[in-house]
Structure formats: structure tokens, C-alpha cells
Amino acid sequence: MTQDQTTIADGAPPPDFIRLDGRAVTLVVATQKRGAPSLIHIGPRLPDGEDLAALARALAPIRHGSQPDVPQLATLWPQSGRGYAGLPAMALRRGDHPLACDLMLVAARASGDAAQLSLADPVAGIAVALDWRIGAGDVLRVGATLTNTGSSPLAVDRIASLALPLPGWATHHLRVHGRWAGEMRTASGPIPYGRSGGASHGGRPGFGGGNWLIAHEADFGADHGHAIALHLAWSGDHALMIERDADGAVVQMGARRDPGEVVLAPRAHVSTPEAVIAVTAGGRNGVRRALHTHVRADVLPGRRDWPARRVHLNSWEALGFDLDEGKLIRLAADAAAIGAERFVVDDGWFTGRRDDTTSLGDWTPDPARFPQGLPPVIAAVAAQGMDFGLWVEPEMVSPDSALYRAHPDWCLHRAAMDRPTERNQLVLNLARADVAEHLFGVLDGLLSAHRIAYLKWDHNRALFPNDGAGTAQVVSLYALIDRLRAKHPAVEIETCASGGGRIDYAMLARCHRVWPSDNNDAIERLRINRAWTLFLPPEVMGNHVGPSPNPITGRVLPMAFRAKVAIFGHMGVEADPAAMSAADRDTLAAHIALYRVWRERLHRGETRELETDDPAMFAQMTGDTDAALAIVARTDFADDYNAAPTRFPGLNPGAFYTVSFPLSDRAPLTLSGAALAQAGLVLPLARPATAFLIAFERIG
């Protein structure tokens, strides 16, 4: 039930309501009031015959004292001109003068699963179009376009992609924070009164996770509780604001831009990055279902059904910068022996690179290490039945490099000022046409001259100084990747930014997987991956077995534990098999073989967090009602010898399953889906760093 296109002319009232329906969600917007459209309902689907006028009356806020005579309803585009006391959705200037706006709804269009609401202020000379549509997973995809209809330039200091009034039940929020090698730390609590939020300033979303948010009711668990999950699909700086007062709470998300970064000429326009909203009554797993469906159907088309995610072995933890043709060929043979299917040469392969102080930008194989270039290594990898991948960091340049010496003006810098580095490198100005053309030529040349199946595309430095270059940098990066993928559509790309520093749906729309963290410590990865799977399906998350002791945490963990954790993602290895004991190599090979059996189910099925009362217990299950694989892992000592059973909801309660325990000597069982969901299994997991895999296969 949707409203057909209607244009509001000569002061005539707009249509009363616009309604959009997904499979299980309904959005209702009131359009009969002057000013911006008002949100009536965002939540579970309503019956087709619902009286929307009655619904609006039922949900109308009670007028109270100390507010305008015409109270401001929960609007999708807040502005201050009619008494709204919160943060407006945009901040504009003509010259040095802030522009006050009084936008009125002039058109409302709805067709199928999409709606556009057009607002205008002819006196201020601006027009705003709000676009809302429902995609796969009942996910709402939201954006805005601002047009300068005036006769002078318009500076856009801030504009939100999304301004969403939260329902009254959304009193709490799950926020994300973190740092390098410690990404995706979650914190849940009441939404505070006043204005809270944050912004990134490094030219990328950063490790703080502020472009991910879940607003939820107080009673919110793995499988219960209403929630609204939000994400800004933008690979540059972002701004998040949550504002709560006595009238309710509003969330705004948008790209963070420096003042003066976007100036619109008359008749020019700017469109915001897309914001994504998932509404669920099914707790954290409901968020997972909605967003995983969205990523698989709407973010990854053309890559979702690629061949199975191949097991990687990456050279970094095995060799670091100490690599050459012979060492790589030896490592490739050892990788194939444990079951790896893709061999990735990481940092250190290009001319002059001996450490991280030099040579970024000089993307040719080092002749001292590779006298015949990369072809002998690639041929040796292919002879082992693997394909070949290569690490690059094309957005960066070392001051000590041939590229920088030839083009010192190509980096972001301030004239007549020093050039501060991070990780001994500078950032190339991708918005320059000559820089973008050079980078395309270099990468196209590598891919055209070699059998390269995969690029690990890294980004190890924040963007500074930017002086208003952030938006142009991101747009140019997108254009470069899009052009490269059009020329080489079979090449897979991983996006990495010192781990999880640049992960968002806009980047994932151009790449095949992300690198969630530089930290491969399996206990840390359980925590990191549990948070990432709220927003990302496991097949796009690189998940590798690292060495022990772990080079970041120093923790020593058994191979069986590390390998079990790595199965639940896009599995790989970042260690030297030759440095392992024979028993560890056999254990790792057995887990890789198991991953290869289960990966189709793991990468197409539903991922569920299994709720436990023990904070040191991690439990997850992925699959469907015919077959699923679970991991139950302990990260610290149990309080009691008799651990509580782990329950496994999500299977068919009336069906029976063979319950087996791969790579263990525990005997299989036959149990019903009802027994597994209600009674569960007791597993001998009293010691830290122990884990079980449990396979469920339906009988008949």
C-alpha cells in the first residue's frame, strides 16, 4: 500500500501519508503538515488495511507546556525555523553568513518500495530531496540531495544523510569503540540526555566504530528485543550525533566535511552518502539476519556467488620484509602441503623495500630479490595448485622513493610547511587527475602483466593535512577502484586499513572481503568477530591462524583453538608452517580440510550468536535447518566444574539431527531440534583456550 506521486502546488496540502512496506517492516510518514515530513511508524509490518490517520492520532505526542503553539513532530529533516531546539540536519552559508531555512514539503512520491520527499525554501534558495527505499532484508536505504536554487554560491558545512527520530522504546544504544589491534569494543547503556556522539578526522571511518550504531530497548539480548541498527556507507570521515531531551531522541549520521570543503554553484547539487537502517524485534541475531541479507543481496551483487572463498596463506607473519624468490617458493610449497589455495605475497616485494621507511610508490619487483621479476614465484604457486595474490598500498608514498623524488607535489601537503609523516609515509592526492592516472597505470600494469587473482589493498596512514580534501579523496578512490575492477573483473580485492580502520558498505561494494583487525590472537578475534558479525556476514571477514606466541599480544594458544576460531570467517593462515611442529601442521591441515567441506554452508547460512550467561564463553552457530556448524569456546576459567548446557536454537524443532564433534573423539549423538534448543549440550570446557566444533546434520 503506497501513495502515488503527488505534487503540492499553489499551497494545496500534500497527501496525508506515505507508506512503504517490506516483508516484515513498515514505514509510515505523515505529509499533511507544513514543514518537513513527520515519522509516524518505523517497525514491524502493519496489516494492509491499517487506518493510518487513526494510527497517527494514536501515536500523536501529548502537547505540553513550554513549546511552540504548533508543536514540532518527530521530523525526518529537523530545522530550527519553527521552534525545533535540537541540531538542524544541515548547516549552510552564503559567504560568511549562516543561512536560516524554512523548508516546506512541495512533493511526495512513492512507488513500490521507494519514496522521495521534496522540500524547498525559495526565499533561502535551497531544495532538499529525501530518498527512502526498502531493500533486501527489509533494510531501509536513506539519502538526501541538496540543490542550490539561489543565485550565489552555497557553502555546505554539514548535511546529514539521515535524521531519524527514535521510537520511545529505544532508550538504550550499543556503541562501538576501539583502537588499532583492538577494534570493535562494544558498550551498551542508556542513551544519555543531551548531545552525544563523535566524529572521525583521519580521512577514513577509523578504529572508533562511530559509523555503526544500534538503538534498542532496555531488554535486548541475542534473540529478543526491539532494535534499530544504523550504518553510514562512506569510506571517509563521518559524524554521528545522538540528541535526547524531554521530547525524545534523534540520531543523525553523515559525512564529516571541513568548512568550505563543499561549495555549490547556482543550480549545482550534492548528494549524501547512503545511510542504512535495519529494524528488528529479534535482538542481536535479528540485526544480523537483516544486515547479512542486505550485504549479500544489495552490497555484493556480482561477488556473492563467486567461487568458494579460498584458503589464504599470507607471507607477512612468516617472512616479514625478509623475503625473496627462493624463500617465497619454499613457503608456497609448505602452504600447499597444509591445504592453502591462495598464496599472498605481502609487503616487501617491491624495489628498495627493506623496512617501512622507504619505497612506497615504486611498485616494481625488487630486482635484487626477484632477478626475473614475479613470474617464477607465480609459476611455482600455480604449480602447487594455488592462485597468487599481492599486497599493495597505492594511496601512499614514502619520502624516500623514486616516485616522491620525481613528483614531490603529488602528496597532500601545505605549501612552504613541513610534511609530517605517519608510518614514515605520506598520502598521495588522488583528486589530482595525474596522480589517479598514474596509479591506475601502475596497478593495471601489474594485473595485465601477471597472473594475479587477488590484491590486498592496504591503507596504513590517516589523511593529514587534508585542508578540505577529504571528500574528493574518497570519491577519487572509488573511481580508481571502479575503473580497475571494470578492466580486471576477475581480480578479487581485500580492503585493509591497518586492520579495521576503513570498513563500510561503500568500500565493501567495491571489494570482496575486509580485514577486521591486524590482531590474529584467537581470543581477541572471538571478541572482534562477534561484534563485526552484527554488521558483516562471515564470508567477507578475513580470519587467519596466526603464530604462537602472538606477535601483538604475546599470548600462547594451542593450534587446535586457533584453527577452530579461524574456520568461522574467510579462513587463512598468517604463519610459517616450517616453524610449526609436525603435530601442529597436521592439526592445522585437518581444520583447513574441515573448513573446505563446510564453507559453502558457513558462507550462505544464517549466523547466530548463542546466548550464554558466562562472559568467558563464546558460542556461535552458522548454517540452516538442514545442517549447521557451531563453535563453543572458552577464553577464561569456568567458575564451576559443571558448566551450564549450551543451547542451540534455530534448527527444526520437530526434526532429528546427527550431532557430531569434528576433530574430537567425542561420540556422536542423535537429538531433536527441540531438545537442542531447550536442553542443549554440556561440553567439557573448564579450561581456558579450549573449544569444540559441533556439527548438526538433519536425518531424513
Side-chain angles (χ1 to χ4, degrees), residues 202-204 321 323-325 345-375 377 390-450 452 455-485 487-488 491 493 496-498 502:
R204 60 189 186 185
F321 290 110
L323 50 78
D324 59 26
E325 178 181 305
V345 175
D346 209 282
D347 198 354
W349 61 270
F350 45 98
T351 300
R353 186 73 160 177
R354 298 295 184 272
D355 54 36
D356 66 3
T357 66
T358 181
S359 303
L360 286 176
D362 300 342
W363 301 108
T364 56
D366 190 318
R369 292 175 160 179
F370 305 99
Q372 302 175 69
L374 293 176
V377 176
L390 194 64
W391 180 93
V392 292
E393 194 174 2
E395 297 161 75
M396 305 298 167
V397 64
S398 300
D400 182 9
S401 67
L403 179 66
Y404 184 81
R405 286 186 285 273
H407 301 285
D409 58 328
W410 278 12
C411 70
L412 293 174
H413 66 282
R414 294 187 175 110
M417 299 287 287
D418 67 329
R419 301 184 180 191
T421 58
E422 180 180 338
R423 204 171 180 257
N424 304 297
Q425 60 198 54
L426 298 165
V427 183
L428 291 171
N429 184 355
L430 270 63
R432 288 183 55 137
D434 49 0
V435 173
E437 191 62 35
H438 169 79
L439 291 179
F440 175 78
V442 168
L443 296 169
D444 176 51
L446 280 169
L447 296 177
S448 298
H450 304 92
I452 297 173
L455 286 178
K456 180 177 179 180
W457 188 304
D458 216 337
H459 183 280
N460 283 311
R461 183 200 191 278
L463 189 157
F464 63 86
N466 56 32
D467 292 335
T471 298
Q473 190 82 356
V474 175
V475 171
S476 299
L477 170 66
Y478 291 164
L480 174 61
I481 298 175
D482 291 347
R483 184 181 177 191
L484 199 66
R485 287 197 59 226
K487 180 76 178 292
H488 302 278
V491 174
I493 299 175
C496 174
S498 299
R502 188 170 66 185

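Here Asp434 contributes atom CG and Asn429 contributes atom CG; the two are 8.5 Å apart, rounded to the nearest 0.5 Å.
In this structure, Glu422 and Asn460 approach most closely via the heavy-atom pair OE2-O, 4.0 Å. Residues Phe370 and Glu325 approach most closely at CE2-N, 3.6 Å, considering heavy atoms. Closest approach of Ala436 to Leu480, counting heavy atoms only: O-CD1, 4.1 Å. Residues Asp444 and Leu484 come closest through the heavy atom pair N-CD1, 3.9 Å. Contact between Ser359 and Arg353 at its shortest, heavy atoms only, is OG-N, 3.5 Å. Considering every non-hydrogen atom in both Pro399 and Asn424, the closest pair reads CD-O, 3.4 Å.
Here the side chain of Arg369 pairs a donor or acceptor atom with the backbone of Gly348 at under 3.5 angstrom. In this structure a side-chain-to-backbone donor-acceptor pair under 3.5 Å is missing from Asp347 to Phe321.
Looking only at atom types and distance, the side chain of Asp400 has no donor-acceptor partner in the side chain of Ser398 under 3.5 Å away. No side-chain donor from either of Gln473 and Asn466 sits under 3.5 Å from a side-chain acceptor of the other.
Using a 30° and 60° split on the angle between ring planes, Trp363 and Trp349 fall in the tilted class, from 30° to 60°.
Contact check for His413 versus Arg419: side-chain heavy atoms found under the 4.5 Å cut-off.
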